[in-house]
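Presented below is the structure to which this report refers.
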Amino acid sequence: MVKLNKEEFNNHIFTRINNLIKNYELIKEDELIAIALSGGKDSVLTLHALKNYQNYLDFELVAISVDEGIKGYRQHGIDSAVQNAKDLNIKLVQKSFKEEEGFALDDIYTDFKSACIPCGVFRRNILNKTAHELGAVKMATGHNLDDEIQSFLMSFARGDTIKFSKFGPELDMIHPKLIPRIKPLWNTPEKEVGMWAILNDINIHLDECPYSHLSLRAKIKEFLNTHEDQYPGIKNNVMESFKKMLTFENTISTKLNECEKCGEPTSANICKACELKELINGE
Ligand code: SF4
């Protein structure tokens with residue numbers, strides 16, 4: 001990339017995000033958008049970018065943070081979320097596994113092959129329920145270009161083709177209780193998110209989760225980064241291949257039911273969160 005000064009770099013990154021939001025109509029006038037704010041660099045950039053986009057469109061923002069209960073790690077993220085939301089004057093709603101589910105991730109993760117399995121299921125569940133209660137019509141997440149490529153490769157590796165329908169900067173409304181996600185950083189490389197945070201001296205949570213090394217995502221991320229160094233352009237090629245497959249993924253059925261236990265949307269009879277709670281409680 002051509003060398004840019006701070007102002008030019010900020011302009012470059014925000015223009016790309018603004019164009020994505022505009023071209024895909026990710027946000028419409030008067031909508032209330034919830035932002036999943038972990039306090040990491042991606043969610044914090046999403047918060048700043050959407051605040052910036054309010055200069056061009058009239059819509060509302062609310063941020064939601066979820067404390068999974070990971071000792072020595074999560075509190076830094078929460079502090080950063082609180083600080084950034086305060087600096088930008090955006091309301092922040094704080095939730096935790098402990099209050100919502102009765103346990104911290106640290107208490108239950110050993111029941112699973114990877115802590116990321118219950119972490120992702122319960123966090124998504126809490127975020128969705130909270131956004132729905134707040135009246136938000138969309139949930140903005142900090143998924144960047146690298147995350148998107150990793151997610152797709154993970155679905156490939158697991159043979160989980162249903163997940164292909166989650167590819168793209170916005171997900172369709174497929175159930176009234178499932179808040180559709182939008183990904184304003186969908187085409188922003190992770191490296192640039194880090195550069196933005198450092199250049200602008202943004203208060204972000206940079207530590208690695210102590211459980212992350214156990215995840216399939218971490219292995220795929222390492223594979224892609226190593227190969228990108230050796231064969232520059234590989235990530236871009238993977239992404240372009242996925243884009244060409246969008247027509248195929250659109251034909252995949254994504255009809256949802258309501259969970260027989262809690263009423264949350266699910267593709268099965270019982271949602272993943274209730275299924276995991278049964279396992280944790282030994283039912
Ligand atoms: Fe949760 Fe896994 Fe992310 Fe850690 S790395 S916060 S356990 S999803």
Side-chain angles (χ1 to χ4, degrees), residues 34-47 63-82 84 92-131 139-155 157-158 160 163 166-167 171 181 183 185-186 190-191 193-194 197 203-225 264 271-273 275-277 279-280:
I35 303 176
L37 185 64
S38 69
K41 63 184 187 321
D42 305 298
S43 67
V44 171
L45 173 56
T46 306
L47 188 83
I64 307 170
S65 69
V66 179
D67 180 350
E68 300 92 347
I70 306 174
K71 204 159 182 252
Y73 166 73
R74 178 41 79 214
Q75 191 53 46
H76 301 154
I78 302 291
D79 293 345
S80 148
V82 169
N84 278 284
L92 173 68
V93 177
Q94 295 189 60
K95 296 280 172 175
S96 73
F97 278 23
K98 194 86 186 168
E99 277 173 25
E100 299 299 310
E101 306 294 352
F103 48 74
L105 185 67
D106 284 342
D107 303 331
I108 54 113
Y109 81 96
T110 48
D111 291 342
F112 302 89
K113 200 157 80 187
S114 157
C116 300
I117 298 170
C119 186
V121 168
F122 292 117
R123 185 178 51 238
R124 276 192 299 276
N125 191 271
I126 293 169
L127 283 169
N128 186 65
K129 269 197 284 194
T130 310
M139 167 97 68
T141 64
H143 283 89
N144 60 44
L145 177 71
D146 292 58
D147 294 326
E148 189 75 348
I149 297 170
Q150 292 155 21
S151 298
F152 215 97
L153 287 176
M154 283 165 69
S155 302
R158 291 179 171 139
D160 187 358
K163 289 253 171 72
K166 296 190 173 170
F167 182 70
L171 304 186
R181 268 188 279 159
K183 306 171 195 168
L185 310 190
W186 185 67
E190 183 169 12
K191 224 182 221 175
V193 184
N203 175 4
I204 46 160
H205 178 219
L206 282 169
D207 301 345
E208 277 278 313
C209 169
Y211 301 128
S212 65
H213 65 286
L214 299 169
S215 67
L216 175 61
R217 180 179 290 278
K219 307 267 185 278
I220 290 180
K221 182 176 181 174
E222 194 186 332
F223 170 86
L224 285 169
N225 286 342
E264 284 298 295
C271 76
K272 205 75 192 155
E275 195 187 308
L276 296 192
K277 272 188 265 187
L279 200 136
I280 290 162

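Every heavy atom of this structure was used, including side-chain atoms; hydrogens, water molecules and symmetry mates were not. Whatever order the structure lists them in is the order used to number ligands and atoms, beginning at 1. Small disclaimer: the values here were computed from a predicted structure and weren't measured.
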Indicate whether the side chain of [X] and that of [Y] have a donor and an acceptor atom separated by less than 3.5 Å.
| X | Y | value |
| --- | --- | --- |
| D207 | H76 | yes |
| Q75 | D79 | yes |
| R217 | S151 | yes |

Fill in the blank from the handout: The protein N, O or S atoms lying under 2.8 Å from atom 2 (Fe) of ligand 1 are C116 SG

Problem - Geometric class of the F122/F103 ring pair [parallel <30°, tilted 30-60°, perpendicular >60°] - result: perpendicular

Handout entry: Aromatic plane relationship, H205 with Y73 - under 30° parallel, 30 to 60° tilted, over 60° perpendicular
Key = tilted

Practice task
State which residues pass side-chain contact (heavy atoms from CB on, under 4.5 Å) with C116; sequence neighbours excluded, sorted by chain then number.
Solution key: S114, S215

Problem - Heavy-atom protein neighbour under 4.0 angstrom from atom 8 (S) of ligand 1 - result: yes

